[in-house]
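Reviewing the structure listed below.
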Amino acid sequence: MEYNFREVEKNWQAYWAKNKTFKVENSSVKPKYYVLDMFPYPSGAGLHVGHPLGYIASDIFARYKRLKGFNVLHPMGYDSFGLPAEQYAIQTGQHPEITTKTNIARYREQLDKIGFSFDWDREVRTSDPAYYKWTQWIFIKLFNSWYNPETNKAENIETLIPKLNGFDKLSEKEQSDLLLEHRLAYLSDTMVNWCPQLGTVLANEEVKDGVSERGGYPVERKLMKQWSLRITAYADRLLNDLEGIDWTESIKEAQRNWIGKSEGTSLKFQVSGSDDIIEVFTTRPDTIFGVSFVTLAPEHELVSKITTPQQKTAVEEYTTFAKNRSERERMADVKKITGVFTGGYVIHPFTGKQIPIWIGDYVLAGYGTGAVMAVPGHDSRDYAFAKHFDLPIIEVVAGGDLSKESYDAKEGKLINSDFLNGLEVKAAVKKAISVIEEKGLGKGKTNFRLRDAIFGRQRYWGEPIPVYYENGIPKVLSETELPLVLPEVDKYLPTETGEPPLARAKDWKYKGVFEYEYSTMPGWAGSSWYFLRYMDAHNDQRFASKDAVNYWQNVDLYIGGAEHSTGHLLYVRFWTKFLYDLGLIPLTEPAKKLINQGMIQGVSSFVYRIGQSNKFVSHGLKNNHETTPLHVDVNIVNNNILDVEKFKEWREEYKNAEFILEDGKYICGSEVEKMSKSKWNVVSPDLMVEQYGADALRLYEMFLGPLELSKPWNTNGISGVSNFMRKLWRLYHNGDAINISDEKATKAELKALHKTIKKITYDIENFSFNTSVSNFMICVNELTELKCNKKDILEPLAIIIAPYAPHIAEELWNKLGNKESITYATFPEVNEEYLVESAFNYPVSFNGKTRFFQEYDLSLSKEDIEKEVLNHEQTQKFLEGKTPKKVIVVHNKIVNIVL
RNA sequence: GCCCAGUUGGCGGAAUCGGUAGACGCGCUGGUCUCAAACACCAGUAGGAAACUGUGCCGGUUCGACUCCGGCACUGGGUACCA
């Protein structure tokens, strides 16, 4: 009887569900281990084979840790607020909650088929009021907190008030405005990324190349009153704490760049003939004598004041132009240099010379002071600007050729620079700062590229922000009034007056009187703390009990996509630090170790239609015709060979299709692309499970290559692991019957097993899941060769394979006479004794090139081996009569003869 | 431009500390079984007739380099007028 995976897998999945095999308690005599996946957004398209890749890896690790005697928390849930359900609602009128529920049910069904060991009793959904009650609760905590630079942590806003002079004398409105400047969740007029098509603002992270990440709609800059979170207060800690966590260097580097710490100095320039001061920020104070103009951002507050009457028209034209230029245009032609002279001048603080003030949109209002001292000799942007407008270029650091390009390198000696002459750049920077500080012209300063995170979205399907307005003053709800439940609306669009959809809610007022905030929270709010909720998912008194958080602590292993590196992964670190500051949790980082699984790309197949006909030519012959490549469903193509009958059935229009074949087959072209419905290259895990079984899918996804690598999905290879499963099954059977012997295992059998235990242990601990699958294959091949059916070998083998292929492992374990699930068996220890070799087959090489092999006993000394090798007849042949210069014998490795 | 990762047979990939390059699998070729096919099983499979040559390219260190060092090219990802 062949292995019947359909029946076996169904039975064990039912067993696990019925017995709650993977339910975990918040206490145990065992050590704890927390394995977390980035939870999915349940989209309507369902899972494709790329999605489970990370889940399979984490599941293997979780199952391994259980076998190793750990109390393992391995939960799953849904990031269920978000745009697609809302867009669907706008189009169909279907409530997003209904869509979301349907999609979650479908996801659950797909996940269950793959045999994951999640503790479903801890499932969370961010759109569930019992969950978002606590998201709102954290928002209130953020609103009620400020960042104390002296203690370097967040504190209750009450500790700030005594520090504010004359606070008591202010009106309520003034007090509120002043405090908003310090609160960690605050309302302010902010330049936002406004997306008219989506009708909402977007965070910087949600804008890619000037268009929205979701949908690809144009985004423009707009000044709006907006809720933001003061993540910048945590910039330094977010940067420094990266040192202590085991995340990939690329993610850490991406976060470092995103935070963008740059150390420099501020410097004041007196405006000529006025009391006004223009303050600039520079990282190169050493180049102060190279300043030949100053550039302001078009939005700079002094622009209109400085502009002379003669330049007024030109400047106004330019600022209007700059304002109307969308972010996208600005990015699209970065190389296009635009700017205008204001007519005004500043006085150089050291030389006293008049320096012209220009406006240019290469200077950003939001960074530094919105003004730069332009040093065209040593900054490529200033150089381009100076060249374009024919402004002077002064060389102050020797080493470049300024006729060709600016010399930006931070090395060389200072010239033309008065008191800095002759110094190396590094020393000159120090000296310049000290002189600038001495003269009171400015001081050393650190700038961050990181911006505060805009927190409001003018959308429906998100957490309501728990705020109401009393006389225009924003006030938060009290904690006992939570959750503030998302109200029903008649439509999911903004109102006619442009207010967010929540303004449509009937009779939705705080205490029946005060207007609520109509924005909702962004998609990343719920995911910024979900790892804590899993620890105690049903607690209605606290986001998670103190005991639960103290017990589970950090996530030990977090697996998810690298696309979250500067979004979710930064926010979740921010919220963790904030909750730590308030003493609510004992950890400063969410996850100790992070692994990014690669993307699984699709391999699209193409057929080649001749002209407008219904005739298709095989790939190899297509150059003889005028053809159009058309995507064809990859599920009717096998090894690039098109199933022509299925193709005819695929679509009505191809019913009478004709083919020009090569060697009797229709060969398709192929290309690696993103896996997507429109490209007909989506392979669903359901189909794979149906055809090959969950275990085969799990093994194959791991076998495909290193977890972190992106790779194209190719169904062809799955037959290899499928064959392996059959071989494994046969090892335990003789015909239909289980066939296990109680005889003592032989040396060779023990060696095959223990070699595998050793390798698998090493592989799992190093997340090298692809090589484990190879090692299982080798092991089963060897044991098959040895005709091994000993219980002493096959029982431990079932255990080590269980994390990878849990269904077949359970079945075999059960057939071996065990009554309990294999889940809590004990992972076998490697016994090195079985691996000891007595001899080694030495490769004998000449000048590093292997020529022949000779086995020598390992007890032989180097000298003995050298003697033996030199006397070997093959050696004599390769020596060609010469005397070797040197013979190198590396014990248990190699013999090398140098000629 | 800057940062990160990568480049090994027809394909996915392996080589854990500088020591047999190509494990394992797919595909392909030949064979056994079969009326035939599928499945299964067996053998072969980096290139080359061979000498030899081969881990993106050029150079270096070493008895010995896919692995270390210097330079370059290409691919993928991130990021960008950040002063």
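Residue numbers begin at 1 in each chain, while the letters A, B, ... track the order of the sequences. Note: hydrogens, waters and symmetry copies are ignored here, and every other heavy atom, side chains too, is used.
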Residue pair A:P843/A:V773 against RNA chain B: nearer the 5' end by closest nucleotide is A:P843

Between A:S417 (side chain only) and A:F289 (backbone N and O only), is there a donor and an acceptor less than 3.5 Å apart? no

Between CG of A:L364 and P of B:rA80 the distance, given in whole Å, is 11 Å

A:Y362 atom OH is separated from B:rG1 atom C1', nearest whole Å, by 17 Å

Separation of B:rG77 atom P from A:Q255 atom CD, nearest Å, is 20 Å

Residue-phosphate contact under 4.0 Å: A:T295 side-chain N/O, B:rA83 OP1/OP2
no

Shortest non-hydrogen pair, A:Y362 vs A:T295, comes out as OH-OG1, 3.2 Å

Shortest non-hydrogen pair, A:Q255 vs A:W247, comes out as NE2-CZ3, 4.0 Å

### Query
Say you pick atom C1' in B:rG54 and the same atom in B:rA38; how far apart are they, in whole Å?
39 Å

Per the glycosidic torsion and the 90° limit around 0, nucleotide B:rG44 is anti

With a 4.0 Å limit, can you tell me whether A:T850 has a side-chain N or O closer than that to the phosphate oxygens OP1/OP2 of B:rA21?
yes

Item to complete: For A:K252 and A:L242, indicate whether the former's side chain and the latter's backbone hold a donor-acceptor pair under 3.5 Å.
Response: yes

Between A:P285 and A:I433, the two heavy atoms sitting closest are CG-CG1, 3.7 Å

A:I278 atom CD1 is separated from B:rA83 atom P, nearest whole Å, by 20 Å

The contact string for nucleotides 12-19 of chain B, one letter per nucleotide 5' to 3', using protein heavy atoms under 4.0 Å with B, S and - for base, sugar-phosphate only and none, comes out as BSS-B--B

inquiry  = Which label fits A:Y700 and A:W713: parallel for a plane angle under 30°, tilted from 30 to 60°, or perpendicular past 60°?
reply    = perpendicular

*Given the P atoms of B:rU29 and B:rC39, what is the spacing between them in whole Å?*
13 Å

Taking B:rC81, B:rC63, B:rC82 as options, the one with an atom nearest any side-chain atom of A:V898 is B:rC63

Rounded to whole Å, CE of A:M599 lies from P of B:rA5 at a distance of 19 Å

Nearest heavy-atom approach of A:F5 to A:Q691 is CZ-O, 3.4 Å

Worksheet item: Judged by atom type as modelled, is there a donor-acceptor pair below 3.5 Å linking the side chain of A:N896 to the main-chain atoms of A:I888?
Response: no

query = Does CD belonging to A:E785 count more than 12 external heavy atoms closer than 6.0 Å?
reply = no

What's the gap between B:rA40 and B:rC52 when it is taken at their C1' atoms, as a whole Å value? 40 Å

Stems with RNA chain B, 3 or more Watson-Crick or G-U pairs in a row (under 3.5 Å), are B:1-7 with B:73-79, B:10-12 with B:24-26, B:27-32 with B:40-45, B:56-60 with B:68-72

Heavy-atom closest pair (A:D382 atom, A:V375 atom, distance to 0.1 Å) is OD2-N, 2.9 Å

Taking 4.0 Å as the cut-off, does a side-chain nitrogen or oxygen of A:R284 come that near to OP1 or OP2 on B:rA83?
no

Comparing A:S565 with A:R851, nearest RNA chain B nucleotide closer to 5' gives the residue A:R851

Side-chain contact check for A:E253: nearest option of B:rC4, B:rC24, B:rC26 is B:rC4

Of all heavy-atom pairs linking A:P843 and A:T850, the shortest is CB-CG2, 3.7 Å

Checklist entry - Considering only the P atoms, how many Å lie between B:rG56 and B:rG9, rounded to the nearest integer? => result 8 Å

Here the distance between atom P of B:rG25 and atom CD of A:E701, to the nearest Å, is 20 Å

Using a cut-off of less than 4.0 Å, is there contact between a side-chain N or O of A:N596 and OP1 or OP2 of B:rA5? no

Syn within 90° of 0, anti beyond: B:rC17 is syn

Taken to the nearest whole Å, CZ/A:R381 to C1'/B:rC2 is 12 Å

Exercise for review: Check the side chains of A:S406 and A:D408 for a donor-acceptor pair under 3.5 angstrom, ignoring hydrogens and angles.
Suggested key: yes

**Prompt:** How are the rings of A:F767 and A:F769 set relative to one another: parallel (under 30°), tilted (30 to 60°) or perpendicular (over 60°)?
**Reply:** perpendicular

Of A:Y64, A:F776, A:F724, the one forming a ring pair (Phe, Tyr, Trp, His ring centres under 6.0 Å) with A:Y804 is A:F776

When rounded to whole Å, the CD1 to C1' distance for the pair A:I251 and B:rU79 reads 13 Å

Is there any protein nitrogen or oxygen under 3.5 Å from a nitrogen or oxygen in nucleotides 38-43 of chain B, and what are the pairs?
unit_1: B:rA40; atom_1: OP1; unit_2: A:N723; atom_2: OD1; d: 2.8
unit_1: B:rA40; atom_1: OP1; unit_2: A:R726; atom_2: NH2; d: 2.9

Next item on the list: Select base, sugar-phosphate, or nothing to describe what A:F853 touches, counting heavy atoms under 4.0 Å on all strands.
Entry: base

Establish, with yes or no, whether the OP1 or OP2 oxygen of B:rA83 is under 4.0 angstrom from a side-chain nitrogen or oxygen of A:Y367.
-> yes

Practice task
For B:rU16 and B:rC66, measure between their C1' atoms and round to the nearest Å.
Solution key: 14 Å

Whole-angstrom distance between B:rA5 and B:rC58, as gauged at atom C1': 23 Å

